[in-house]
Amino acid sequence: MARLPNQLIETPPLADDVLSAVLRAVRLSGSVQFCFMPCGDWQTDAAPSLARLARPGGATPFHIVAQGSCWLKLEGRTVELAQGDVVAFPFGTGHQLGAGDGGLQVAPVDDLPPRPWREVPVLRYGAGGQGVRLLCGYLEFAAASFQPLREALPTLLHVRTRGDNFGWLRATIERIVAEVDHPRAGGVSVLERLTEITFIEVLRHHFEAARPGARGWLAAMTDPALARCLAAVHADPGRDWTLEAFASVGGLSRSAMTERFETVLGTSPMRYLRDWRLCLAGVALSTTGQSIAAIAHDAGYGSEAAFNRAFAKAQGAPPAAWRKAAQQSASG
């Protein structure tokens with residue numbers, strides 16, 4: 001037992017444990033994607049049109065450059081995208097895509113057929129010039145409601161897959177393209193899973209590359225005491241946690257643990273636990289048929305009514321309405 005604290009202070013494995021637990025909770029509650037193939041000079045205002053397809057406030061637009069190149073404009077800056085690039089916008093930030101001088105104004109979402117789709121729609125625009133092939137769409141994931149995670153994300157996630165470290169991600173994108181080009185039975189479901197895997201890898205790359213500051217979720221994962229607590233909470237959120245339990249795991253007094261949470265994470269240990277449980281409840285509501293009463297119990301609430309009030313306050317809608325909206329969005 002004397003060696004245990006020295007083993008637990010190994011911060012990188014603990015950070016990996018926390019990140020792995022959170023990424024396991026990333027389950028898409030809805031996904032839409034289509035193939036967009038413009039030629040010549042063109043431009044589209046991407047985010048507003050994609051957001052119309054999704055549940056309000058829950059959409060993360062994304063684009064995968066399967067062929068060619070184009071530019072991306074957002075927040076006053078321009079980013080050049082090339083084949084193999086993946087971009088996602090965790091907060092649905094408005095952006096434009098285009099090529100050349102952006103002469104042809106296109107709105108592909110307006111030209112999509114009614115959903116649900118048996119195959120991924122392919123939309124072509126323009127003639128002549130170098131063509132661009134984009135896989136566009138949005139995805140919804142309930143884990144985005146977890147405030148510490150949201151605060152650790154940028155407005156733009158951008159991964160270039162041409163490096164040596166992204167061989168399998170390139171292969172995944174190639175598989176996505178193949179599913180679009182050669183539709184097979186169950187292809188839409190396969191594409192949803194492949195998109196989920198791609199998005200998780202983009203998130204993982206961001207967290208691995210990000211530099212933690214003095215505050216926030218990433219900073220907490222480099223603090224030995226907080227990292228031990230977060231790893232334990234995310235490994236077993238259903239445990240009967242108390243402030244004493246947090247203090248014991250972190251190796252601090254109750255007052256010191258509370259102060260450390262407030263200083264680094266801007267919340268208390270018990271509020272962090274509550275918010276994570278409500279986040280997991282949102283995942284369960286969106287992706288399972290589990291009863292609301294059972295989800296309330298798993299979230300640590302003694303009554304369904306108390307859970308309903310807490311969930312509505314945290315998520316902006318009661319559990320039943322949240323589930324209905326997620327199901328409607330997923331079915332089109």
Side-chain angles (χ1 to χ4, degrees), residues 13-29 57-58 60 90 140-153 199-200 203-204 206-207 212 215-223 225-250 252 254 257-258 260-288 290 292 294-304 306-319 322-323 326:
L14 289 171
D16 289 346
D17 289 345
V18 177
L19 183 56
S20 294
V22 171
L23 292 182
R24 279 196 296 271
V26 176
R27 294 292 182 268
L28 304 189
S29 56
T60 297
E140 298 173 344
F141 64 108
S145 66
F146 186 49
Q147 193 63 26
L149 173 61
R150 289 180 63 83
E151 292 176 352
L153 291 174
F199 181 62
I200 288 174
L203 282 176
R204 186 167 68 169
H206 166 71
F207 288 126
R215 290 174 55 88
W217 200 49
L218 296 178
M221 288 193 284
T222 64
D223 180 296
L226 290 180
R228 289 197 290 271
C229 285
L230 298 190
V233 165
H234 287 284
D236 188 10
R239 175 179 168 181
D240 185 16
W241 285 98
T242 62
L243 182 55
E244 289 80 1
F246 273 97
S248 176
V249 170
L252 298 175
R254 290 181 299 173
M257 179 57 67
T258 299
R260 189 77 60 89
F261 260 83
E262 292 286 358
T263 300
V264 179
L265 287 165
T267 189
S268 70
M270 300 311 294
R271 285 200 303 270
Y272 185 97
L273 172 65
R274 177 204 63 191
D275 291 345
W276 179 238
R277 284 174 169 176
L278 288 174
C279 173
L280 293 178
V283 175
L285 288 166
S286 300
T287 61
T288 75
Q290 194 176 9
I292 293 178
I295 294 173
H297 180 269
D298 290 344
Y301 287 85
S303 72
E304 188 173 336
F307 170 69
N308 287 346
R309 289 192 297 270
F311 189 89
K313 183 178 180 180
Q315 308 291 8
W322 174 276
R323 169 171 275 172

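For the numbers below, each heavy atom of this structure counts, side chains included, while hydrogens, waters and symmetry mates do not. Model, not experiment: these values are computed from the prediction.
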ask   = Under the side chain to side chain contact (heavy atoms under 4.5 Å, CB included) criterion, do Phe307 and Leu278 qualify, and how do the steps go?
value = CA-CA 9 Å; Phe307 170 69; Leu278 288 174; 3.9 Å; yes
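The OH atom of Tyr301 sits 14.5 Å away from atom CD1 of Ile292, with the distance rounded to the nearest 0.5 Å. Between atom CG of residue Leu252 and atom SG of residue Cys229 there is a gap of 7.5 Å, rounded to the nearest 0.5 Å. The distance from atom OG1 of Thr60 to atom CG of Leu203, rounded to the nearest 0.5 Å, is 8.5 Å. Here CE of Met221 is found 9.5 Å from CG of Leu265. Values are rounded to the nearest 0.5 Å. The structure places CZ of Arg323 at 5.5 Å from OG1 of Thr288, a figure rounded to the nearest 0.5 Å. Note: Arg260 CZ to Phe246 CZ = 14.5 Å, rounded to the nearest 0.5 Å.
Put simply, the side chain of Met257 reaches to within 4.5 Å of the side chain of Leu226, judged on heavy atoms. Within the 4.5 Å cutoff, the side chain of Pro237 has heavy atoms near those of the Leu280 side chain. At least one side-chain heavy atom of Trp241 sits under 4.5 Å from a side-chain heavy atom of Val249.
Judged as a salt bridge (charged side-chain N to carboxylate O under 4.0 Å, His left out), and not counting sequence neighbours, Arg215 has no contacts. Evaluation of the side-chain hydrogen bond (donor to acceptor under 3.5 Å, both in side chains) rule for Thr267 yields Arg271 as partners, not counting sequence neighbours.
Looking at every heavy atom in both residues, Ser268 comes nearest to Glu262 through N-OE2, 3.7 Å. The shortest non-hydrogen separation linking Met270 to Thr242 is SD-C, 4.0 Å. Closest non-hydrogen pair, Ala225 versus Gly250, comes out as CB-O, 3.5 Å. Listed here is the closest heavy atom pair of Ala296 and Ser303: CB-O, 4.4 Å. Nearest heavy-atom pair across Ala317 and Phe311 is O-CD2, 3.3 Å. Taking every heavy atom of both residues into account, Ala152 and Leu218 meet most closely at CB-CG, 4.4 Å.
Counting only N and O atoms by type, the side chains of Tyr272 and Trp217 include a donor and acceptor under 3.5 Å apart.
Atom NE2 of His206 sits in a crowded spot, with more than 12 heavy atoms from other residues, nucleotides or ligands closer than 6.0 Å.
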